[in-house]
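This report concerns only the one structure given below.
Order of the sequence lines fixes the chain letters, A, B, ..., with proteins taken first and strands second; residue numbering starts at 1 for each chain. Computed from heavy atoms alone, side chains included, the values below leave out hydrogens, waters and symmetry copies.
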Amino acid sequence: MKDFMLKRTIYCGKVGIDDVGKEVIVSGWVHSYRDHGNLVFIDLRDREGLVQLVFDPEINGEIHKLARQVRCEWVVAAGGLVRNRSEGMENPKIPTGRIEIACTAFEILNTADTPPFEIDNADKVAEELRLANRFLDLRRPAMQNRLMVRHRVAKIVRDYFYNEGFIEIETPMLGKSTPEGARDFLVPSRLCEGSFYALPQSPQLFKQILMVAGMDRYFQIVRCFRDEDPRADRQAEFTQIDVEMSFVDVGDVIGIHEKMVAEVWKGILGIDVKLPMRRMTYADAMRDYGIDRPDLRFDMKLRDISDIAAKCDFKVFTSTVKNGGIVKGLCAPGGSNAYSRNDIEKTLTAFVSDLGAKGLAWFKVAAAEDGSGIDLQSSIAKFFSPALRKAIIERFNAQNGDLLLFVADKQAAANKALAPLRIKLGRELKLVSDSQYEFVWVVDFPLMEWNENEKRFDSLHHPFTAPVPEDLHKLDTDPGNIRSQAYDIVLNGNEIGGGSIRIHQPAVQEKIFSLLNISKQQAEDRFGFFLRALRYGAPPHGGIAFGLDRLTMLLTGTDNIRDVIAFPKTQRGQCLMTEAPGSVDQKQLEELNLRTQKHSHEPEKKE
RNA sequence: GGGGCCGUAGCUCAAUUGGUUAGAGCAUCGGACUGUCGAUCCGAAGGUUGAGGGUUCGAUCCCCUUCGGCCUCGCCA
């Protein structure tokens, strides 16, 4: 006994010209209906697409009457004969537009409340409303397609790793909190009163231990959790393609994974990615692009002009250089026509000052007044001798009509402002194409960087990253200049994956901990299990992790991570559909030996 | 924790410098209609202008507080 009579024989979207003359049964959601009093048309939607149902009172008066009652988003099943639409009645807008189903059977499986927004127009609807009614939002083909792409990426990746001899192994979700890195999500333990699990920020130590255990090649498509503020491309709960391999060097890991990426791009977009992908050192990336994830779809490299600036009479420049800063800038091709003086001094300057820059110096490249070639024009041009102006033009190989923009600051501060400025200009000057994919491996990262506030070194990647062997001797003398065997894969300015060769000798690991100001005792408390594992015969090993969410974003051309996650959270980490997080019963708290507490000093209410 | 944008009918938006009864399209409901496909035509209903307070003769508009969404800095080994 079924609770419906008509059983589907084919998906709506799959009914085609080959089915003409066949009896079929379709089921799905009423996308739209057109009632002519006589004929009734229903566009029926399922996962695979739309198909037009026709109800003719001459054919079957009873179901025609029934069909007149349906409304959008009702769930129905219909059976009938597939037939060609006669000439002039075809609808080229939908793939099934050449055929229709002349219905002889019809069943209303469910009615539906009027939806809070029209499925067809949901792309224009406030995201808040879409998230609260995700079951409706996900009925949209665009959303279903993104989830489908995500699924297919996972499938390609699984198949790829299966063929390469990798084993998918699950690691715990309830783990131990490690104070480094991002903030942990904590889960109170009922059985161990007063203790907490942490949700994994990544399976880092587990996958390394799997290498110690001899699994040799591990991968996992795994949820990770970092309790930090979300962004457009970042959720607290996200998915990694996590990989680890034994007896490998940097080249091995890169080789395996660029092939994986190429297979994904081929499988999803049909695009042949040229292998091997190019590589760039961290130092070069920072010098030319001001950032460790350069967008190589366009050139517009940053140039340091500190040597020229030191000789000018512009005090902002000279004093910056004198105080150990740099003057760095870029040349926007055609920028002096695209940006008015007001654009530069208001919009662009505001843009960089939001990023911490103190100002933005500019020159327009124009025909020289004396008719001899080109020259720089600016309110500050007078502080530069003709020779210096010429030197600047040459540094950028600037052309008439270009716009030169400079930030004078400490090196890191200048890069921090210029790198996003470069991206903004590249976009606005239409130097980037959406169909262009420029991959690059960034390598030779510094192992550590000095943390001025804490007076210690911090890992750039994480504390298990192996140094470059030739730099090992600097461990005691010059730790800030040790390069690491870390690598990031960057696509169009997005980091899509990153990893490293790991330290496999306990002595080196302990040395690194001490440089990071982690005492023997602390290391023992936090990573004791791991250090112990390293002492029992750890093979050389390394790995990588890709962000599945971000990969899917790039493959589907969205800049909103929530579009590639079925049930995402808002910027405050809430699910607007389920209203998580929520309060819990007192009884649950008691079982966990937890008590919630209001601020002891509540802000005073104004009278 | 900081900065910015936004919130008007179910949805998307409008509303002159602060001024009369807050409008339109779509959706909804009722009716008409023989091939539509954004159907069409006729009609109806639909509002705590996110919430609270203030200024004012008068507030969607100005000010304060607050809630929510988005973007962003910090944060994200």
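Take A/Asp343 and apply the side chain to side chain contact (heavy atoms under 4.5 Å, CB included) test, not counting sequence neighbours, and it matches A/Tyr339, A/Ser340, A/Thr347. With sequence neighbours excluded, the residues forming a side chain to side chain contact (heavy atoms under 4.5 Å, CB included) with A/Thr104 are A/Glu23, A/Ile59, listed by chain and number. Scanning for side chain to side chain donor-acceptor pair (under 3.5 Å) contacts around A/Arg146 gives an empty result, with sequence neighbours left out. Remark: A/Arg532 engages no residue in a side chain to side chain donor-acceptor pair (under 3.5 Å) (not counting sequence neighbours). Looking at residues two or more places apart in sequence or on another chain, you find a side chain to side chain donor-acceptor pair (under 3.5 Å) between A/Asp184 and A/Ser177, A/Gln201. Scored by the side chain to side chain contact (heavy atoms under 4.5 Å, CB included) test, A/Phe567 finds A/Arg134, A/Leu138, A/Met577 as partners (sequence neighbours excluded). Take A/Trp450 and apply the side chain to side chain donor-acceptor pair (under 3.5 Å) test, not counting sequence neighbours, and it matches A/Glu452. When the side chain to side chain contact (heavy atoms under 4.5 Å, CB included) test is applied to A/Cys72, the partners found at least two apart in sequence or on another chain are A/Tyr33.
Base engagement by A/Arg234 is indicated by at least one non-hydrogen atom pair under 4.0 Å involving a base atom. Residue contacts shown for A/Glu128 are limited to sugar-phosphate atoms, with no base heavy atom under 4.0 Å away. Among the heavy atoms of the strands lying under 4.0 Å from A/Tyr33 are primed sugar atoms or P, OP1, OP2 only; no base atom is included. Using a 4.0 Å heavy-atom cutoff across all strands shown, A/Arg562 reaches sugar-phosphate atoms only and no base atom. Looking at heavy-atom distances under 4.0 Å, A/Ala126 makes contact with sugar-phosphate atoms alone, never a base. Among the atoms of the strands shown, none is found under 4.0 Å from any heavy atom of A/Thr178. Residue A/Asp227 is classed as having no contact, given no heavy-atom separation below 4.0 Å to the nucleic acid. Looking at heavy-atom distances under 4.0 Å, A/Gln571 makes contact with a base.
Side chain of A/Asn133 to backbone of A/Leu129: a donor-acceptor contact under 3.5 angstrom is found. Side-chain N or O atoms of A/Glu228 include one that pairs as donor or acceptor with a backbone N or O of A/Arg183 at under 3.5 Å.
By the stacking rule of 5.5 Å between ring centres and under 30° between planes, A/His36 stacks on the base of B/A39.
Taking atom CZ of A/Phe41 as the reference point, atom P of B/C33 lies 16 Å away to the nearest angstrom. If you measure from atom CD1 of A/Ile42 to atom P of B/C37, you get 16 Å, rounded to the nearest angstrom. Taking atom CD of residue A/Gln52 and atom C1' of nucleotide B/G38, one finds them 14 Å apart after rounding to whole Å. Protein atom CD1 of A/Ile59 is 13 Å distant from nucleotide atom C1' of B/U34, rounded to whole Å. The interatomic distance linking A/Leu44 (CG) with B/U36 (C1') rounds to 16 Å, in whole Å. Atoms CG (A/Asp43) and C1' (B/G35) sit 13 Å apart, rounded to a whole Å. Put simply, CG on A/Leu50 is 11 Å from P on B/G38, counting in whole angstrom units. Spacing between atom CD1 of A/Ile119 and atom P of B/U12 amounts to 13 Å, rounded to whole angstrom units.
For RNA chain B, no neighbouring residue in residues 479-489 of chain A is found when judged by any heavy atom under 4.0 Å. Looking at residues 62-101 of chain A, you'll see A/Arg68, A/Arg71, A/Arg83, A/Arg85, A/Met89, A/Glu90, A/Asn91, A/Lys93, A/Glu100 sit with a heavy atom under 4.0 Å from some atom of RNA chain B.
One finds a side-chain N or O of A/Gln574 lying less than 4.0 angstrom from the OP1 or OP2 phosphate oxygen of B/G69. Contact annotation: A/Arg231 side-chain N/O to B/C76 OP1/OP2 distance is not under 4.0 Å. For the pair A/Arg34 and B/G35, the criterion of a side-chain N or O lying under 4.0 Å from OP1 or OP2 is not met.
Comparing A/Arg183 and A/Lys569 by the nucleotide of RNA chain B whose heavy atom lies nearest to each, the residue mapping closer to the 5' end is A/Lys569. When the nearest nucleotides of RNA chain B are assigned to A/Gln204 and A/Ser32 by heavy-atom distance, the more 5′-ward of the two goes with A/Ser32.
Residue A/Glu228 places its side chain closer to B/C76 than to any other of B/G35, B/C76, B/A27. Listed nucleotides: B/C73, B/G35, B/C70. Nearest to the side chain of A/Lys416: B/C73.
B/A22 and B/G31: their C1' atoms are spaced 29 Å apart (whole Å). Comparing the same atom, C1', in B/G35 and in B/C29 gives a spacing of 26 Å after rounding to whole Å. Here the separation of B/G54 from B/G47, taken at their P atoms, is 26 Å to the nearest Å. Taking atom P on both B/A9 and B/C71, the two are 23 Å apart, rounded to the nearest angstrom. On the P atoms, B/A27 is 7 Å away from B/A39, given to the nearest whole Å. B/G3 sits 11 Å from B/U65 when the P atoms are compared, rounded to a whole Å. Nucleotides B/C26 and B/G46 place their C1' atoms 14 Å apart, quoted to the nearest Å. Comparing the C1' positions of B/U60 and B/U49 gives an interatomic distance of 5 Å, to the nearest angstrom.
For the side-chain contact (heavy atoms from CB on, under 4.5 Å) criterion with A/Pro568, the lone passing option out of A/Glu127, A/Gln235, A/Glu237 is A/Gln235.
In this structure, A/Glu118 does not pair ionically with A/Lys124, as no charged nitrogen and carboxylate oxygen lie closer than 4.0 Å. With respect to the salt-bridge test (charged N to carboxylate O, under 4.0 angstrom), the residues A/Arg502 and A/Glu244 qualify.
One donor-acceptor pair, N or O on each side, does fall under 3.5 Å between the base of B/G74 and the side chain of A/Asp229.
In this entry B/A24 has B/U12 as its Watson-Crick or G-U wobble partner, both defining distances falling under 3.5 Å. Searching all strands for a Watson-Crick or G-U wobble partner of B/A59 with both distances below 3.5 Å returns nothing. Under the Watson-Crick and G-U wobble criteria, each requiring two contacts below 3.5 Å, nucleotide B/G18 is left unpaired. A 3.5 Å limit on both hydrogen-bonding distances identifies B/C67 as the Watson-Crick or G-U partner of B/G7.
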When you compare the protein's N or O atoms with those of nucleotides 7-10 of chain B, which come within less than 3.5 Å of each other, and at what distance?
| unit_1 | atom_1 | unit_2 | atom_2 | d |
| --- | --- | --- | --- | --- |
| B/G10 | O2' | A/Pro116 | O | 2.5 |

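Relative ring orientation between A/Phe513 and A/Phe527 is described as parallel, the plane-to-plane angle staying below 30° on a 0-90° scale split at 30° and 60°.
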Using a 3.5 Å cut-off and no angle test, enumerate the donor-acceptor pairs between side-chain atoms of residues 49-57 of chain A and protein atoms at least two apart in sequence or in another chain.
| unit_1 | atom_1 | unit_2 | atom_2 | d |
| --- | --- | --- | --- | --- |
| A/Gln52 | OE1 | A/Arg34 | NH2 | 3.0 |
| A/Gln52 | NE2 | A/Glu100 | OE1 | 3.1 |
| A/Asp56 | OD1 | A/Glu58 | N | 2.9 |

